[in-house]
Amino acid sequence: MKIKFLGHSAFLIEACHATILIDPYLTGNPLAPVKADELRVDYIVLTHAHGDHLGDTLQIAKHSGATVICVAELAGWLRKQGIKTHAMQIGGAFRFPWGRVKLYTALHGSQTPDGSYAGLAAGVVMELDDKTLYHSGDTGLFGDMRLIGELHALDLAMLPIGGNYTMDIEDALLAVKILQPKLTIPMHYNTFPLIECDPQIFVDKANELGYEVRIMTAGEVLALPTERSE
Ligand code: NI
Ligand code: MN
């Protein structure tokens, strides 16, 4: 499985049986390594509807014919613009042909750029190929993350560290402690001034605690070796 960081909280996952995009904020993101019209994907997973997560979803979903997976209220808004959706809700899971997706709570708001109500903000656990990934979306630290760590043996956690709108480095370190992922990738920092921080501090402190963290630059690809043949 290949995981490409597209800057901010956007990731492109190339799994055995599908290409999945999470929170594709490209247009307007100074760090985005690709343009929306260069991406062809099967599914888009949205954690919430804020502009820096919804991003280029409408365009990419339309030209790819992709299905957007998200909470039901946001799915309803997307369907009105002609987008294919798979509506879910917090706590629910569904097994797609390529893997299982479960939505969890996130401590955050959600609203579409036109001001429409978009339901609750979510985090997502994806079990695909033989890997388990957690993308927390935008969230503050919350104690029930412990449950996510207990229910899932996480190979990878993608966690915000930029503060102001989400966890900062200190809170993200506590999140790592209770989630116990094999590897953590920090996200949602340094895209704009309000969320500036030094990710190396996160790496050093996590390493001191015995956890592995990988800083990804936008455009970089992480290969997660899977046991199943492709
Ligand atoms: Ni947000
Ligand atoms: Mn955000």
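Counting starts at 1 for both ligands and their atoms, in listed order.
Of the N and O atoms on the side chains of H50 and D138, not one donor lies less than 3.5 Å from an acceptor on the other residue. Side-chain atoms of N29 and H8 form no donor-acceptor pair, as typed in the model, at a separation below 3.5 Å.
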Acceptor/donor pairs from residues 96-106 side chains to any protein atom, 3.5 angstrom cut, sequence neighbours excluded:
| residue | atom | partner | partner atom | Å |
| --- | --- | --- | --- | --- |
| K102 | NZ | Y104 | OH | 3.3 |
| Y104 | OH | H152 | NE2 | 2.8 |

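Protein atoms of type N/O/S that fall under 2.8 Å from the Mn ion (ligand 2) number 4 in this view. Panel detail: the Ni ion (ligand 1) has protein N, O or S atoms under 2.8 Å away, 4 in number.
Under the 4.5 Å side-chain heavy-atom criterion for grouping Ile, Leu, Val, Met, Phe, Trp and Tyr, L174 is connected to L209 within one hydrophobic cluster. Hydrophobic cluster membership differs between I215 and M187, with clusters built from Ile, Leu, Val, Met, Phe, Trp and Tyr side chains linked at under 4.5 angstrom. No single ILVMFWY cluster, assembled from side-chain heavy atoms under 4.5 Å apart, contains both L154 and I13. A continuous path of Ile, Leu, Val, Met, Phe, Trp and Tyr side chains, each step under 4.5 Å between heavy atoms, connects I22 with L222, placing both in one hydrophobic cluster.
For F5, the ring-ring contact (aromatic ring centres under 6.0 Å, His included) partners at least two apart in sequence or on another chain are F11.
You'll find the ring centres of H108 and F142 outside the 6.0 Å limit.
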